[in-house]
Protein chains: 2
Amino acid sequence: MGKRKPEFEALNRNCPIRDVLDRLGDRWTVLVLMTLGEQTLRFSALRREIEDISPRMLAQTLRHLEKDGLVSRQVYPTVPPRVEYRMTPLGHSFFDPLQHLIQWADEHHEQVRQAREAYVAPESHEAL
Amino acid sequence: MGKRKPEFEALNRNCPIRDVLDRLGDRWTVLVLMTLGEQTLRFSALRREIEDISPRMLAQTLRHLEKDGLVSRQVYPTVPPRVEYRMTPLGHSFFDPLQHLIQWADEHHEQVRQAREAYVAPESHEAL
DNA sequence: CAGGATCCAGGCAGATACTG
DNA sequence: CAGTATCTGCCTGGATCCTG
């Protein structure tokens with residue numbers, strides 16, 4: 001393999017880059033990040049914004065993001081409890097590439113939809 | 001676009017944007033796209049580059065990408081068979097935002113690693 | 001209010017074997 | 001070579017109930 005950007009090589013197997021990207025794999029991470037955005041939001045506020053997320057998944061996703069240093073969690077020892085989430089500087093730095101992704105999806109989802117509709121599978125007995 | 005990016009609203013629930021982004025969810029899509037890059041590659045070549053992918057997963061991932069119109073598949077009716085994969089123009093348009101992502105991961109994975117190491121979970125009996 | 005604990009189903013993905 | 005078929009484990013994520 002010839003002249004390839006160095007990042008490409010790094011993508012193979014044991015590289016930490018893949019490790020980071022894999023986090024996007026789950027269903028909610030991107031959504032939570034985008035919802036959080038520049039704001040500071042409480043747990044219940046996030047639940048309201050992402051209507052179809054369960055408390056379990058929201059908590060889990062927030063833990064992961066917190067663990068990775070993208071989101072910070074602030075607890076106010078009041079009654080009733082109040083917990084606020086916001087992005088860390090590291091989280092904000094991720095916001096930019098994420099927006100490119102959203103923008104692409106926004107601009108091209110129609111093309112993708114059409115491609116899916118027009119698609120016919122290559123000869124085979126059964127679908128995968 | 002204004003201050004409050006309209007795409008954010010669109011992310012909720014039934015939006016096609018989420019539908020497109022979800023494709024990144026699986027473990028191999030991004031990897032295949034990055035490996036393909038500007039090149040035209042055969043099935044076996046892709047297998048060699050992505051060492052730890054099974055033929056099943058490679059085929060499935062390629063089908064999805066083909067269905068979404070990001071990758072084109074060309075069959076040469078020779079013996080032995082020869083099938084080449086390359087990105088479509090739509091696929092190439094996706095390449096750009098993807099690179100931003102890779103670049104971010106490349107630049108920040110060390111910070112993420114450190115954050116993970118330093119992280120201590122909030123009070124609880126057991127981990128999730 | 002902000003989650004944790006538990007149970008459970010469905011899909012993703014691995015391993016293996018096989019074919020045109 | 002370029003896949004497919006099948007079996008199966010595992011993990012993700014949903015639903016529900018519970019608590020400080």
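Every chain is numbered from 1 and lettered A, B, ... according to where its sequence line falls, protein lines coming before strand lines.
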With axes from five pairs an end, tell me the bend angle of the helix from dC1(C)-dG20(D) to dG20(C)-dC1(D), nearest 10°.
-> 50°
OP1 or OP2 of [N] versus the side-chain N and O atoms of [X]: is any pair under 4.0 Å?
{"X": "Arg42(B)", "N": "dA2(D)", "value": "yes"}
{"X": "Arg73(A)", "N": "dG3(C)", "value": "yes"}
{"X": "Ser44(A)", "N": "dC1(C)", "value": "no"}

Whole-Å gap separating [atom2] ([N]) and [atom1] ([X]):
{"X": "Met57(A)", "N": "dT16(D)", "atom1": "CE", "atom2": "P", "answer": "15 Å"}
{"X": "Arg63(B)", "N": "dA13(C)", "atom1": "CZ", "atom2": "P", "answer": "16 Å"}
{"X": "Glu84(A)", "N": "dG3(C)", "atom1": "CD", "atom2": "P", "answer": "11 Å"}
{"X": "Glu51(B)", "N": "dG14(C)", "atom1": "CD", "atom2": "P", "answer": "15 Å"}
{"X": "Ile50(B)", "N": "dA13(C)", "atom1": "CD1", "atom2": "C1'", "answer": "15 Å"}
{"X": "Arg47(B)", "N": "dG3(D)", "atom1": "CZ", "atom2": "P", "answer": "11 Å"}

Joint hydrophobic cluster, Val75(A) plus Leu41(A), side-chain heavy atoms closer than 4.5 Å = yes
Contacts of Pro81(A) and Pro55(A) projected onto DNA chain D by closest heavy atom; the upstream (5') one is Pro55(A)
Using heavy atoms to find the nearest nucleotide of DNA chain D for Pro80(B) and Ile53(A) separately, return the residue whose nucleotide is more 5′.
-> Pro80(B)
Stepwise, does the salt bridge (charged side-chain N to carboxylate O under 4.0 Å, His left out) test hold for Arg47(A) with Asp52(A)?
-> CA-CA 8 Å; Arg47(A) 280 193 70 180; Asp52(A) 51 345; over 6 Å; no
Report yes if a donor N or O on one partner sits less than 3.5 Å from an acceptor N or O on the other, where the partners are the side chain of Arg27(A) and the base of dG13(D); otherwise report no.
-> no
Taking N and O atoms by type only, does the side chain of Arg56(B) place a donor or acceptor under 3.5 Å from a partner on the base of dG14(C)?
-> yes
Intermediate values then yes/no, salt bridge (charged side-chain N to carboxylate O under 4.0 Å, His left out), Arg23(A) and Asp68(A) | CA-CA 9 Å; Arg23(A) 277 269 160 269; Asp68(A) 286 4; 3.4 Å; yes
Using the side chain to side chain donor-acceptor pair (under 3.5 Å) rule, take His108(A) and Gln111(A) through it: C-alpha gap first, then chi angles, then the decisive distance, then the call.
-> CA-CA 5 Å; His108(A) 298 279; Gln111(A) 276 187 69; 3.3 Å; yes
